[in-house]
Amino acid sequence: MNMDQNTILIAGSVTAVALTAFYHYKKDLDQEAKVDEINVYSIPYLCENIKTQINENVNQNLTSLYISKTEMEKRKENKKRLTKAVRSCAQGDPGEKAFMLSYVKDLLQSKLNINEETIDFVIPFDQPDMLTGQDKYDILMQIYIKKDGFEAFGNLNKLCKFEEDKLNNYGVYYEVDKDDISRYYREFSIHLNYVLKLAVVTQRVFQEVYGLGVVDELIYQKSIDGISAGNSGLTYEQYNYMEEIMQTSDITVPKSYESVWIILHGKPIHFSFLSFRSKAELIRVCTNLYLYDNVGHLNSSNGYKLSYLRNGSRVVVTRPKLTSGWAFFVRKFDSVKALDINKLIIDKNYSIVKETVIWMVKGMLNIIISGDQGSGKTTFLKCIFQFMDQRFEIRTTEAEFELWLNVLYPNLSTVAFRSTDEVSIIDAINIEKKTNGVIMVLGEIVDTIQANAYISLTQSGTKCTYGTIHTITEEDLIDYFRSALLSKNGNFTNEMAAEEQAANGINIDIHWEKTGDGHRYISYITEIIPYPRRNVNTDDSMEKIAESLQMLSRRRAFETREIITFENGEYIIKNSFSERAVKKIIKNLSMEDREKFLTFNKKIEEYIESSERSE
């Protein structure tokens, strides 16, 4: 019996050893097979390894190395430089991005075996049928970036015509789909050498690890008005809900992280062939976008962040619960070169509009530029400072820096202010008054506080005051300012007195509009003329009564005078400036310019008289 037990024990032990040995042997085989399955030339593999390499370099403990003091200082500087680039390369700084691209390119070649023989394993450059829509787009962009830099997208658009009208059952729309990008690639691609291929791979790896995903290059392109994502298609939660209720995963409706929209020349174009591929990637890009200005953490309680990038672009990022899904909206402002007014005002008789605007600016009239979102107000406001008397100092106040007049006009004395958590916009304006500023600009008037501030500035000894606003008509404009003066932030209780003050503070309303096809134009230029205050100095009681009744019968404290209107595709002169405006303009002109202005004004008056006689 004992022998049988011993035999059983020995047999069990042998079996256990054999099973253990087999388990470890099989595990080793599985690991080898798993290693064999890894594609070391895939984009995900390259991204992960680049991230690991850079993290190791950033977090390396230099004190553990046995190196000279000189070498230690050199490595500390390199580490510091790399750390700075990692943190800021996705925040609109082309210099930091260029540094990171160079660093990634070196690692790809020195650590990950990317060379002329292996690069086609990453992206099948020599097999066009195997390229994805994003591959083809990335290749085209790198071809033109190498040639045209920040003008690449605009020049590529001239060839591809991204903004061409398309028609469906619902009307006109703008879209570039995978078939379009394939056609553009066939027509405009060139033979790729190793340098171009490496540029494409480097940019792809960079944008997926540290950059802004598929829109990374677009942030720097000058021709683009704006970029948005997450603003069409189903959210991740909606998609899962549809899967559940339909009991199928075969849902073809695009998801929100697959939506990329470009605003080009005022037209919203859906780049439907581009995608962030996952909700996590869209969130990563959204998070990177708002970090530059240190505006705090975005969470479900605050729901949005308003910030801007290093290149001056305005950024709005939203997330649930405020919105149904994650999304971002980048509004670009070209702050590199001065703007040409002839490119902004292009319709028939544009020259008369240009000359009228020049005299309004030189004559220091208080100007409000009104219009819809994206109609060209801010662009036009930036443009007209080229006609300003450069001897006067300019101060701007904005919620977020968008004008960048110091970059556009380095010859002018300009300082930009904005409100912060600690400094209100009124406090900022009060400080401006003590900085020798004589021309004041409120970038965008969006509330009663700023509206009150505008009227206050027009009455406080400044030469002139400019601003933009989203009103539709001249009456709406005055009504808005009147309401602001009557609000808790104002100092008026009488409606007529508040309206009179508003009308006194605004001389000109220049209204911009934008059509569905992106065409921008000035709808009207109107002068606002307050009725004069009259003291009835007469002994005739009937005259006193008549004058008093006339004043009481007025429903408004001002009248409007159309200077120029836009009708049937051309600008039409309606009236010359009022006597009140002429006096103010002449007062602010040099002797030489006075003669030129009077000649211009007389020419307008004669034209109007001639037109009236012909009618």
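Atom set for the values below is all heavy atoms of this structure, side chains included, hydrogens, waters and symmetry mates excluded.
Between Thr526 and Asp509, the side chains place no donor N or O within less than 3.5 Å of an acceptor N or O (distance only, hydrogens not considered). Inspection of the Gln91 and Asn288 side chains reveals no N or O donor paired with an N or O acceptor under 3.5 Å. Residues Gln207 and Gln203 have side chains that bring a donor and an acceptor to within less than 3.5 angstrom of each other. Side-chain polar atoms of His519 and Asp347 form a donor-acceptor pair below 3.5 angstrom. Between the side chains of Asp476 and Thr473, at least one donor N or O lies within less than 3.5 Å of an accepting N or O. A donor-acceptor pair shorter than 3.5 Å cannot be found between the side chains of Thr468 and Glu444. Checked by atom type, the side-chain pair Asn452/Asn489 shows no donor-acceptor distance below 3.5 Å. Residues Glu281 and Tyr257 have side chains that never bring a donor and an acceptor to within less than 3.5 angstrom of each other. A donor-acceptor pair shorter than 3.5 Å cannot be found between the side chains of Ser523 and His511. For the residue pair Ser232/Trp261, the side-chain donor-acceptor check at 3.5 Å is satisfied. With hydrogens and angles left out, the side-chain atoms of Asn231 and Ser228 include a donor and acceptor closer than 3.5 Å.
Ring pair Tyr524/Phe566: centre-to-centre distance not below 6.0 Å. Residues Phe153 and Phe162 bring their aromatic ring centres within 6.0 Å. The aromatic ring centroids of Tyr292 and Tyr290 lie 6.0 Å or more from each other.
At a threshold of 4.5 Å between non-hydrogen side-chain atoms, the residues Arg277 and Glu258 do not count as touching.
Between Ile506 and the choices Ile478, Asn366, Ile367, the side chain to side chain contact (heavy atoms under 4.5 Å, CB included) rule is met once, by Ile478.
Comment: Lys97 engages Asp216 in a salt bridge, judged by a side-chain N to carboxylate O separation of less than 4.0 angstrom. Using a 4.0 Å cut-off between charged side-chain N and carboxylate O, Lys267 and Asp225 make no salt bridge. For Glu175 and Lys166, the salt-bridge test fails: no basic side-chain N is under 4.0 Å from an acidic carboxylate O.
Below 30°, between 30° and 60°, or above 60°: for Tyr466 and Phe385 the angle between ring planes is above 60°, a perpendicular geometry. Aromatic ring orientation, Phe600 versus Trp359: tilted (interplanar angle from 30° to 60°).
Every side-chain contact (heavy atoms from CB on, under 4.5 Å) that Ser578 has, sequence neighbours left out, goes to Glu527, Ile529, Arg561, Arg580, Ala581.
No more than 12 heavy atoms of other residues, nucleotides or ligands shown are found within 6.0 angstrom of CZ on Arg310.
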Report, one line per pair, each donor and acceptor closer than 3.5 Å where one atom sits in a side chain of residues 567-577; sequence neighbours left out.
unit_1	atom_1	unit_2	atom_2	d
Glu567	OE2	Thr565	OG1	2.9
Glu567	OE2	Lys574	NZ	3.0
Glu570	OE1	Asn349	ND2	3.2
Tyr571	OH	Ile522	N	3.1
Asn575	ND2	Glu562	O	2.9

